[in-house]
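What follows is a short report on a single structure.
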2 protein chains.
Amino acid sequence: MNRRPPHSPISTPCVQCPIRRMSGFRDFKPKELAFIRSWKVAERRVPARGFVLQEQETIDELYTVLDGWAMKHKTLPDGRRQIINFAMPGDLLGLQASVDKAASHNIEALTDLTLCVLPRKGLWELFRGFAGLSYDITWLAAREEHILGEYLVALGQRTAQERIAFVLLDLFLRARRAALVTGNRMSMPVTQNHLADTAGLSLVHTNKSLQKLRAQGAFAWENSTFELLDLELLANLAHKTVEPAPPRPFL
Amino acid sequence: MNRRPPHSPISTPCVQCPIRRMSGFRDFKPKELAFIRSWKVAERRVPARGFVLQEQETIDELYTVLDGWAMKHKTLPDGRRQIINFAMPGDLLGLQASVDKAASHNIEALTDLTLCVLPRKGLWELFRGFAGLSYDITWLAAREEHILGEYLVALGQRTAQERIAFVLLDLFLRARRAALVTGNRMSMPVTQNHLADTAGLSLVHTNKSLQKLRAQGAFAWENSTFELLDLELLANLAHKTVEPAPPRPFL
DNA sequence: CGGATGTTTGAAAATAGTCAACCGAGGTGG
DNA sequence: CCACCTCGGTTGACTATTTTCAAACATCCG
């Protein structure tokens with residue numbers, strides 16, 4: 001049940017990693033870069049709607065997203081699905097599954113996805129020899145915790161419209177940090193169904209709330225293209241304050 | 001605005017740390033234990049309802065809970081409060097705030113609380129010299145992420161009764177691992193208001209849902225004492241499967 | 001006794017979910 | 001070329017859940 005196509009050869013050498021060149025990501029020291037380069041053994045491509053990882057599965061790899069979007073979600077026995085978080089270029093996938101013995105959630109590609117493959121055992125070498133990178137991993141884990149905490153507040157306390165505004169704004173800001181936004185516009189491979197399962201709302205109610213939000217003119221969203229029209233307004237609708245983000249690490 | 005009583009002298013030497021002696025926690029190697037012992041500089045006591053840490057605050061300390069319960073929560077500008085998670089003996093507090101520059105949530109004591117104080121800069125020494133402990137930190141961060149993910153599913157997909165059953169069961173199981181349960185009974189310093197703010201429900205609805213749950217006989221809860229009567233039934237009501245937990249690290 | 005905290009209740013109002021269609025764009029096969 | 005899918009988005013009517021408001025009640029404590 002675990003047939004996967006073989007990994008692709010490396011077509012994106014680390015030294016010219018597109019993510020390193022984005023602003024907002026921290027620089028490596030030469031030794032760190034050399035280690036990461038030796039750690040990266042392959043690339044993996046996952047087609048849209050394909051699974052990077054399924055619940056209960058064990059993996060001996062970590063991934064860094066090089067290109068594309070993915071989502072992490074869990075499904076209850078009766079079919080209800082909750083999207084836990086999205087992943088974009090620069091995000092690390094599979095840490096939880098590597099540290100624990102089994103994945104606690106599915107990771108599914110929203111677009112065709114290119115991943116940088118990092119074998120699990122390199123993690124040990126990293127912890128033994130690279131304190132800075134070890135700290136980075138912790139940083140990434142803490143950031144994930146922080147995001148999930150924000151979403152918990154959204155699901156627990158915000159109204160439907162606020163929740164939807166919150167998710168859209170969060171996705172926009174994260175996409176912008178990953179250099180996916182040009183002139184306040186971005187391609188957003190997310191359906192209203194995804195949005196509903198993220199916000200914990202029914203599809204119908206999501207749609208209706210979305211209409212009301214749209215009418216307020218903070219954003220436009222059609223044909224998988226999202227455009228931010230009024231950041232401050234959207235932030236108000238989401239009851240969220242927007243702070244500038246510090247430079248972040250990646251692997 | 002940041003007046004704190006001075007830390008207490010160490011009254012609980014690490015070698016006889018009560019947590020180390022609990023089953024379910026991993027053993028240290030002698031060198032690791034020596035490091036942790038040198039890292040621990042003091043104990044801090046926080047009275048019930050006191051704050052360990054407030055949102056936006058910066059700290060240069062991490063804490064391990066030695067005794068008592070705490071909760072992490074965030075408050076929206078208009079007063080709505082969401083409890084993100086609870087903490088019990090053995091749990092690490094303040095990692096997010098140490099790694100980031102400012103705390104993303106409040107940490108408030110539910111009971112009188114005894115904390116083991118670990119200065120932030122020891123974290124660097126840990127990452128430089130103790131791969132096993134570095135891995136442990138990552139493990140703890142991943143565990144936190146895992147718990148928050150579970151709660152996201154609960155808030156997004158579960159009905160009111162399921163949510164409440166879920167929270168109660170989760171608290172019970174975690175308390176049991178922290179050796180707080182004797183004969184299926186435990187002291188639970190949580191009010192219905194806390195439960196409501198954890199489950200994302202109003203107080204009134206929490207109360208009414210709780211009655212219906214109580215009527216099914218899976219647990220008894222009165223006078224701050226919780227007793228589990230039927231694990232399987234409660235797990236079913238929560239739509240949750242209970243798996244045995246592996247030994248866990250702590251600091 | 002009087003306050004504070006925590007729990008409980010009933011009734012009305014608001015929010016969100018379900019059901020059942022329909023629309024439009026894109027793709028496929030005859 | 002067109003019939004026929006599927007998928008994503010949209011709508012209206014109805015039902016169910018959840019919140020809000022307002023008031024009691026119980027216990028503990030100074």
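In what follows, every heavy atom counts, from backbone to side chain, and hydrogens, waters and symmetry copies are set aside. Numbers restart at 1 for each chain; the letters A, B, ... are given by sequence-line order, proteins then strands. Computed from a prediction, not measured in an experiment: that's the story for all the values here.
Taking the charged nitrogens against the carboxylate oxygens, A:Glu150 and A:Lys240 have no contact shorter than 4.0 Å, which rules out a salt bridge. For A:Lys72 and B:Glu145, the salt-bridge test passes: some basic side-chain N is under 4.0 Å from an acidic carboxylate O.
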Taking N or O atoms only and anything under 3.5 Å, show me the protein contacts with nucleotides 26-28 of chain D, one pair per line.
none

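Taking B:Arg248 as the reference, B:Asp91 meet the salt bridge (charged side-chain N to carboxylate O under 4.0 Å, His left out) condition, with sequence neighbours excluded. For B:Ser104, the side chain to side chain donor-acceptor pair (under 3.5 Å) partners at least two apart in sequence or on another chain are B:Gln96. B:Glu108 meets the salt bridge (charged side-chain N to carboxylate O under 4.0 Å, His left out) test with no other residue; sequence neighbours excluded. Take A:Arg185 and apply the salt bridge (charged side-chain N to carboxylate O under 4.0 Å, His left out) test, not counting sequence neighbours, and it matches A:Glu227. Remark: A:Phe86 engages no residue in a ring-ring contact (aromatic ring centres under 6.0 Å, His included) (not counting sequence neighbours).
No donor-acceptor pair closer than 3.5 Å links the side chain of B:Arg176 to the backbone N or O of B:Leu171. Under the 3.5 Å distance criterion, the side-chain polar atoms of A:Arg49 are left unmatched by any main-chain donor or acceptor of A:Ala109. A distance-only check finds a donor-acceptor pair linking the side chain of B:Asn106 to the backbone of B:Glu55 [under 3.5 Å]. A donor-acceptor pair under 3.5 Å links the side-chain atoms of A:Arg158 to the main chain of A:His239, judged by distance alone.
Aromatic ring pairs are classed by plane angle as parallel below 30°, tilted from 30° to 60° and perpendicular above 60°; the pair A:Phe25 and A:Phe250 is perpendicular.
Atom CG of residue B:Leu180 and atom CE of residue B:Met88 lie 7.0 Å apart, to the nearest 0.5 angstrom.
Summary for the helix from C:dC1-D:dG30 to C:dG30-D:dC1: the axes at its two ends, each from 5 pairs, differ by 30° when rounded to the nearest 10 degrees.
For A:Phe219 and A:Phe172, the ring centers are positioned 6.0 Å apart or more.
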Stepwise side-chain hydrogen bond (donor to acceptor under 3.5 Å, both in side chains) check, B:Asn236 with B:Glu232: CA-CA 6 Å; B:Asn236 285 340; B:Glu232 197 179 349; 4.8 Å; no

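Residue-level contact check: A:Arg49 touches the backbone only, with heavy atoms under 4.0 Å from sugar-phosphate atoms and none from bases.
Within residues 206-227 of chain A, the residues that have a heavy atom under 4.0 Å from DNA chain D are, in order of number, A:Asn207, A:Lys208, A:Gln211, A:Arg214. Within residues 185-194 of chain A, the residues approaching DNA chain D are A:Thr191, A:Gln192, by heavy-atom distance under 4.0 Å. Of the residues in residues 148-170 of chain B, those with a non-hydrogen atom less than 4.0 angstrom from any atom of DNA chain D are B:Ala160.
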Anything under 3.5 Å between a donor and an acceptor, one on a side chain of residues 76-85 of chain B, the other on a protein residue two or more places apart or in another chain? List them.
from, atom 1, to, atom 2, distance (Å)
B:Asp78, OD1, B:Arg80, N, 3.4
B:Asp78, OD1, B:Arg80, NE, 3.3
B:Asp78, OD2, B:Arg80, NE, 3.0
B:Asp78, OD2, B:Arg80, NH2, 2.9
B:Arg80, NH1, A:Gln157, O, 2.8
B:Arg80, NH1, A:Glu162, OE1, 3.0
B:Arg80, NH2, A:Glu162, OE1, 3.4
B:Arg80, NH2, A:Glu162, OE2, 3.3
B:Arg81, NE, B:Asp197, OD2, 2.7
B:Arg81, NH2, B:Asp197, OD2, 2.9
B:Gln82, OE1, A:Gln157, NE2, 2.8
B:Gln82, NE2, B:Asp197, O, 3.1
B:Gln82, NE2, B:Thr198, O, 3.0
B:Asn85, OD1, B:Arg174, NH1, 2.9
B:Asn85, OD1, B:Arg174, NH2, 3.2
B:Asn85, ND2, B:Glu144, OE2, 2.9

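Scanning DNA chain C 5' to 3' for nucleotides with an atom closer than 4.0 angstrom to a non-hydrogen atom of chain B gives a first and last hit of C:dT5 to C:dA11.
When rounded to the nearest whole Å, the span between NE2 of A:His205 and P of D:dT18 equals 13 Å.
Between the side chains of B:His205 and B:Ser202, no donor-acceptor pair of N or O atoms lies under 3.5 Å.
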